[in-house]
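No experiment lies behind these values; they were computed from the predicted model shown. Every chain is numbered from 1 and lettered A, B, ... according to where its sequence line falls, protein lines coming before strand lines.
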Amino acid sequence: MKAYDHKKIEKKWQNIWEKKGIYNAKNNSPQPKYYSLIEFPYPSGAGLHIGHPRSYTGMDIVSRKRRMEGYNVLYPIGWDAFGLPTENYAIKTGKDPRIVTKKNTDTFRKQLKSIGFSFDWSREINTTDPKYYKWTQWIFLQFFKKGLAYKAKININWCPKDKTGLANEEVIGGCCERCGTKVEKREKEQWMLAITKYAERLDKDLDDVDYLPQIKLAQRNWIGKSEGAEIEFKIKHNPSLTLPEGEGEMPRFFTTNPELWKVLQDRVLEMRKNPTNGEKIMWDLLRRNTTEYHFRRQHIVDRFIADFICVEKKLIVEVDGDIHDYKKAEDKERTKILNQLGFEIVRFSNDEIIKNREDIFQSIILKLNSISSEALSFGEGLGGVKVFTTRPDTIFGATYLVLAPEHELITNLKSQITNFNEVEKYIKEVKNKTEIERTSDDKVKTGVEIKGVKAINPANKEEIPIWIADYVLATYGTGAIMAVPADDARDKEFAEKFKLPIVKDYKKADFEDFGKKITRFKLRDWVFSRQRYWGEPIPVVHCEKCGIVPVLEKDLPVELPKVKNYQPTDSGESPLANISKWVNTKCPKCKGKAKRETDTMPNWAGSSWYYLRYTDPKNSKEFASKKNLKYWLTSNFSLSFGEGQGGVDWYNGGNEHTTLHLLYSRFWHKFLFDQGLVPTSEPYKKRTSHGMILGEGGVKMSKSIGNVINPDEIVKTYGADTLRVYEMFMGPFNQSVAWSTESIIGSRRFIEKVWRIGERVLKQKNFSVPDLKPVKNSEDGRFQSKIGGMSQNSSLVKILNKTIKKVEEDIEGMYFNTAISSMMILATEMEKTENVQIEDYKKFLQILSPFAPHVTEELWNTLGEKKSIHLSSWPKWDENLIKDEKIKIVVQINGKVRAEIMIRVEENEETIKQKALMNEAILKYLAGKDAKKVIYVKNRLINIVV
RNA sequence: GCCCAGGUGGCGGAAUUGGUAGACGCGAUAGACUCAAAAUCUAUUGAUGGCAACAUCAUGAGAGUUCGAUUCUCUCCCUGGGCACCA
């Protein structure tokens, strides 16, 4: 046997495996399936990072173990190749991103193959392949058809120098990542996906999946479900406002502000003196009615004079003279404003009143009866404002309201607000604030009181001031809060700054007493547009006549055309906008002139469904056949699509993707499930994550620090098996660990040791008949005889069986480091033991094979096995061989270890205690003292308390 | 500020229904083999004191519960990651 030459061995077996296709998954096999998944890489120009193999080896070990357990395993790979780095490279160099991507994926493929992952390469996919993104576009159209993809004007990050919209991740500290210019906010129309429609299910269904607890928590925090109450606060005029002296008396039912009242009052008096015929009749009717309803005439509401009004019911009765035929539009506007303030309006002409006075009166009474009693509480006439709170119990402590500057109430109350100029100025200031200023660390609270109006706290009926401030967000809740400065740090800070009252031992309220229970989410709809070149074109056209029209499914994919320049246009559109030949097209509906959408999709799109494509990567008729989806996601052909259980069996990936990618793909999957297109309601049954590999010394690996490790170099010098074992051994799989080239040697030595044992085992096999020489049992020093060449219950067999069990369990829990540690112990033991049985050695090779697939395959083959070790059956451990009949227990005095004794497992507690108390060393310590208490922990220790 | 994960020898890390702290590996020291080196093997390797047997101290800090705490409780400090005024 030759010396261990990793270069030869690894190349040799990689070729054989590929030629035989031993890792190719079989569709619809009667075998049970197992679908294990890693996040497909972005093929960057820098080549494979040393961190990639960590995650891939972890799942490779799981996949290989599953194959040995008899599963038909799908462990696929592909490329998530759309995205910014390639596009930026294209902008800089003018090279076609297609060519760059091809070059990068070629490098990545070669590198991954050199590490010996058991990927099914026949299912390789690429998100930038038109045959793939045809289906990304197709899924988008399904969203569009269900109304879940829509266009909306939203604020985006805008770089005024580059004249382009920026993704959040391109904004570093409020500045453009590329040119360093301060980023502005700009309103633009964007495509949105309505993920918020799924917020409740995305949160709730986490109960049923097997994700690491921290992953579930991160998802839940991101979705941000909170339960609270919506409470309405009535608004009224500030009663402290009085008219200037000598200007008359304040009316009892004041429904406008004093300035307007002053202006309009004369006109009111004049109108009362000179009623029209219709008005006269109406006033007689309403005044003399015998019902409980009380009417007033010519009453000022907001900026208008209402003819007749029942203030308690907020009903206005208008009597229109001939002149009203000419000002219908004005009346309409007036009605709209009054409706917003909560008034209902009925309108009659002079003629109608003269002819049908009794009928009209009856209809007014009926109308009044139909208005709910809630309106009766009205006495001031300005409606209310709804606030959202998770702490309705603190309502007695609410001493003021705060509205977001964007709140609609501010324009609605315009005529009531006495300091509108000041308010408007503040709103403008807030709008001009950049993102950095609004989110800066000091975050000084600003705000303005809305003067002229007050809110009524429904709990204690107290009048409280209303403020606007930008610490209240328009996009969350109702855009308005009740401030409880005694209880909330932010409200307290605000109240202290603006000298607002803080009430400390307020009464707790019951949850249901005010307002109604309501659920809110932090999650926002997904901004799905990018003004970029290197992404999937959004497959719709804009028609002059028909508006937004989806591209016909038969015309998919809408292929990304070649362009000369990858820079976005001056107006911030994608470079696609410059290709008029591509942009100008026909409307699929009316065949008239139309323009193509030039926005592209974000690179989250292709990765939201890629695991589905792996089940049927070459299908040109569907994104994947139902048959394959059923098999790979549920292992059940007869299952109807509505049943919902299953998904990818095990998905491992980075912590950086536990919110966005995971949430997005769960959202797409649930949508497809609702359309009957996938058989399960969740994409992934189980999700784990791996930690990062940092540079030596625990800092980030980066070109600028110069601590980047090239995996090719490691594979060349130490071999793929050593790299794999080292990356699994270096620390806990889910934690970040610092790379140490110095330490790799330990993993290499371990493999060489396994090789040396193999050499010896092979020699025995070839040159000697299994002999009957006794083998020394290292544990108790006795010699054990062997029967028929097999050593029975030797210490080695015991360790072997224990190790099989441990490795088996550790792989399932991803405790790869301790699995390797236990195999190192086994190897050391085997090397010490003479006459290692070939069958025992082979079992060792088998449990090591998922970690070090090449060297174990070579040794397995050398020992005469024809079939691949990776297709062999996972060895079974024997409980009886693991059991100890004698064990060592520790004797403590007052918790300190003073002696060790050997006991037989069947000995009873009393005997063992006696043994401990009679122990020589213990007697010495106990001299002259009484044992107060003797504690026995089974198979562990005895503690004597003195 | 909030949330999450961590803090154990010179270094990476073991040890969880509370039960021998430091498995395994790297590094270091000494020895065997060798003309020599490399490789390999063997031994030692938390700190302090002691010739030694051995003793004492030690898992970020401090308290508590317990016969017994790296593990449980409380308070605090530090490192890494995420969120960022979400009512």
Side-chain angles (χ1 to χ4, degrees), chain A residues 3 212-215 217-218 220-222 224-226 228-229 387-392 394 398 402 404 438-441 443-445 469-473 475-484 487-491 493-494 520-524 655-656 658-659 689 691-692 694 696-700 725-726 729-732 734-747 749-750 752-753 756 815 817-825 827-828 831-832 888-900 931-946:
Chain A
L212 290 180
Q214 11 1 330
I215 298 177
L217 195 72
R220 288 218 152 96
N221 287 344
W222 192 266
K225 179 176 175 169
S226 56
V387 303
F388 175 67
T389 176
T390 53
R391 296 289 308 278
T394 64
V402 190
R438 257 190 109 150
T439 60
S440 63
D441 282 344
K443 270 182 239 161
V444 179
K445 294 242 181 324
D470 67 353
Y471 85 91
V472 172
L473 307 175
T475 48
Y476 185 75
T478 57
I481 62 154
M482 62 179 205
V484 186
D487 221 58
D488 184 286
R490 294 156 302 180
D491 295 343
E493 190 193 328
F494 192 79
R520 292 281 178 179
F521 297 92
K522 272 197 249 180
L523 190 67
R524 296 278 94 86
N655 282 313
E656 69 276 21
T658 51
T659 46
S689 22
M692 274 193 302
L694 305 167
E696 305 226 12
V699 288
K700 212 181 138 119
V725 168
Y726 174 63
F729 181 64
M730 62 198 299
N734 59 0
Q735 271 173 41
S736 34
V737 221
W739 178 267
S740 164
T741 300
E742 198 184 56
S743 298
I744 299 176
I745 192 70
S747 301
R749 284 180 191 149
F750 167 57
E752 283 172 357
K753 188 181 275 188
R756 281 198 309 273
Y815 308 119
N817 52 338
T818 50
I820 291 169
S821 150
S822 70
M823 288 190 283
M824 283 172 168
I825 293 168
T828 307
E831 202 177 35
K832 271 197 251 170
K888 181 181 79 182
I889 66 167
V890 163
V891 186
Q892 296 179 335
I893 292 176
N894 288 343
K896 282 189 178 163
V897 181
R898 299 301 185 188
E900 289 173 355
K932 279 185 200 152
K933 206 168 163 191
V934 181
I935 295 153
Y936 173 60
V937 183
K938 203 175 177 219
N939 297 347
R940 293 270 184 182
L941 58 74
I942 285 176
N943 189 16
I944 302 162
V945 188
V946 293

Whether A:K896 contacts B:rC57 is assessed here as follows: a side-chain N or O lying under 4.0 Å from the phosphate OP1 or OP2. Is that the case? yes
Measure from NZ or CZ of A:K445 to the centre of the six-membered ring of A:Y471 and say whether it is under 6.0 Å with the direction within 45° of the ring axis. yes
A:V737 near the nucleic acid: base, sugar-phosphate alone, or nothing, with a heavy-atom cut-off under 4.0 Å? sugar-phosphate
Below 4.0 angstrom from OP1 or OP2 of B:rG68, is there any side-chain N or O of A:N894? no
Separation between the C1' atoms of B:rU8 and B:rA23, rounded to whole Å: 13 Å
Think A:R898 has a side-chain N or O under 4.0 angstrom from the OP1 or OP2 of B:rA55? yes
Interatomic distance at C1', B:rG80 relative to B:rU45, whole Å: 31 Å
Pairwise C1' distance for B:rU20 and B:rC11, with rounding to whole Å: 25 Å
Under 4.0 Å, counting only non-hydrogen atoms across every strand here, what does A:I745 touch: a base, just sugar-phosphate, or nothing? sugar-phosphate
Under 3.5 Å on both distances, the Watson-Crick or G-U partner of B:rU79: B:rA5
Is the base of B:rG9 syn or anti, where syn means the angle lies within 90° of 0? syn
Using a cut-off of less than 4.0 Å, is there contact between a side-chain N or O of A:S226 and OP1 or OP2 of B:rA87? yes
Just to be sure I understand the rule, does A:N943 reach a base, reach only the sugar-phosphate, or reach nothing, if contact means heavy atoms closer than 4.0 Å? base
What does A:Q892 touch in the nucleic acid at a heavy-atom separation under 4.0 angstrom: a base, only the sugar-phosphate, or nothing? base
